[in-house]
> 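Sharing a structure with you now.
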2 protein chains.
Amino acid sequence: MEQNVIDASGLLAISTRLQRLSDQIRKDGLLIYKAFGIDFQPKWFPVLYTLYKKSTMSVVSLSDEIGYAHPSTISLLKELEKEKLIRSTKDKIDTRKRLIELTEKGKELLANMEPVWEVIIKATAEITNTENNLMKAINEVEATLKEKSFLHRAEAYRK
Amino acid sequence: MEQNVIDASGLLAISTRLQRLSDQIRKDGLLIYKAFGIDFQPKWFPVLYTLYKKSTMSVVSLSDEIGYAHPSTISLLKELEKEKLIRSTKDKIDTRKRLIELTEKGKELLANMEPVWEVIIKATAEITNTENNLMKAINEVEATLKEKSFLHRAEAYRK
DNA sequence: CAAATATACGTAGTCAACTACATAAATTAA
DNA sequence: TTAATTTATGTAGTTGACTACGTATATTTG
């Protein structure tokens with residue numbers, strides 16, 4: 001395999017490599033939705049999918065669930081509200097909270113997407129099902145980092 | 001292992017997961033350099049490391065090498081020039097080309113970083129050396145995608 | 001129960017990549 | 001040897017995430 005300098009630097013550039021692969025997959029994701037004639041952006045996925053599974057959530061709990069900072073979620077919600085895919089109501093008990101849910105249009109879109117997801121899941125399984133499984137590797141690394149951070153580990157090697 | 005909805009959605013959210021892991025590692029990377037008293041930003045790594053290994057390159061060939069679009073490289077180069085870590089000269093044969101090289105200060109910085117890199121490599125190896133090795137998984141997936149794109153594979157499953 | 005603290009949400013601005021487009025120089029073709 | 005095409009670089013503006021900070025409401029504590 002031909003190697004450029006960055007690939008050859010291996011572990012040093014792992015963050016760059018992850019980023020690159022993520023971008024590549026996201027771009028192809030967009031193309032797949034387009035090819036199936038569905039007006040959907042991959043970045044919407046975490047919010048919409050979570051609401052699909054959990055029906056109603058506040059802004060912050062939604063952010064926690066998808067692992068985003070809450071301002072990122074807010075800007076996605078604004079966009080989704082403009083698309084009329086979600087709607088929000090005030091929590092009657094805790095009035096600080098804004099409860100988010102899918103609209104009928106949103107539910108319909110997600111239902112229409114199920115067959116596309118199946119295809120995506122199959123294609124992704126095909127891609128990741130190599131000797132070292134990427135999804136499993138990510139899960140394992142995230143679990144390892146939860147135990148002890150990267151910084152903490154690096155410092156342990158310091159003389 | 002406790003699972004949130006996105007993790008549970010697995011393959012669908014792989015791009016999101018890669019992104020998140022990349023960010024996390026990049027942030028800790030910055031902290032590691034700081035902890036070692038080195039004034040260095042992880043985003044500089046691809047450019048500087050490539051110049052370290054290849055000495056002189058034009059803007060576009062450097063971009064290709066690190067896998068960035070050339071405007072991204074240009075803005076990094078501007079920053080690095082301000083830091084006096086790189087310098088550029090005109091190619092005498094092809095006057096369109098701007099040749100980039102490390103300054104003495106740049107070379108010195110990179111030399112000082114070698115011990116930090118060793119620590120980073122060790123810590124990264126520790127993190128990625130789980131049952132499914134992340135670096136190997138990335139390499140395998142990138143090779144698989146080169147053979148046949150994600151989009152192409154997805155379309156093959158379409159009825 | 002008043003004060004201090006914590007939580008929920010929002011806005012503003014930043015960051016590190018990108019795409020789209022423009023210009024100039026080099027190369028190829030008519 | 002002009003004309004057309006390709007290549008190299010640059011600028012402007014976008015994107016999708018972030019942090020910092022402010023305000024309002026809830027909760028906890030003295």
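The chains referred to below are lettered A, B, ... by the order of the sequence lines, with proteins before strands, and numbering in each begins at 1. Just so you know, these numbers use all the heavy atoms, side chains as well, and skip hydrogens, waters and symmetry mates.
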> Using a cut-off of strictly less than 4.0 Å between a heavy atom of the residue and any atom of DNA chain C, enumerate the qualifying residues of residues 71-84 of chain B by number.
B:Pro71, B:Ser72
> Measure NZ/A:Lys97 against P/D:dT25 and give the value in whole Å, please.
15 Å
> Between D:dA26, D:dC18, D:dT9, which nucleotide gets closest to the side-chain atoms of B:Arg98?
D:dT9
> Please check the phosphate of C:dC18 (OP1 and OP2 only) for any side-chain N or O of B:Tyr68 closer than 4.0 Å.
no
> What is the distance, rounded to the nearest whole Å, between atom CG of B:Leu62 and atom P of D:dA8?
13 Å
> Heavy atoms only, 4.0 Å cut-off, all strands: where does B:Ile93 land among base, sugar-phosphate and nothing?
sugar-phosphate
> For a quick check of understanding: with a heavy-atom distance under 4.0 Å over all strands, which category does B:Val60 fall into, base, sugar-phosphate or nothing?
base
> How many Å lie between CD on B:Gln24 and C1' on D:dC18, as a whole number?
14 Å
> Rounding to an integer number of Å, can you tell me how far B:Lys43 NZ sits from C:dT14 C1'?
11 Å
> Return the nearest nucleotide to the side chain of B:Lys27; candidates are D:dT19, D:dA17, C:dA25.
D:dT19
> Are side-chain N/O atoms of B:Glu79 and B:Trp44 paired as donor and acceptor at under 3.5 Å?
yes
> If the threshold is 4.0 Å, N to carboxylate O, is there a salt bridge linking B:Glu131 and A:Lys136?
no
> If you find the nucleotide of DNA chain C closest to A:Gln19 and the one closest to A:Ser61, which residue's nucleotide is nearer the 5' end?
A:Ser61
> Under 4.0 Å between a side-chain N/O of A:Gln41 and OP1 or OP2 of D:dT15, yes or no?
no
> Answer with yes or no whether B:Arg96 presents, from its side chain, a donor or acceptor under 3.5 Å of a partner atom in the base of D:dT7.
yes
> Rounded to whole Å, how long is the line connecting atom CZ of A:Arg17 with atom P of C:dA17?
15 Å
> Would you say A:Glu81 and A:Ser88 are linked by a side-chain donor-acceptor pair, where the criterion is simply a distance under 3.5 Å?
yes
> When hydrophobic residues are tied together by side-chain contacts of less than 4.5 Å, even through go-betweens, does B:Leu99 share a cluster with B:Leu51?
no
> If I take atom CD1 in residue A:Ile100 and atom C1' in nucleotide C:dG10, what distance separates them, rounded to the nearest angstrom?
12 Å
> Will you find, in the side chains of A:Tyr157 and B:Glu126, an N or O donor that is under 3.5 Å from an N or O acceptor?
yes
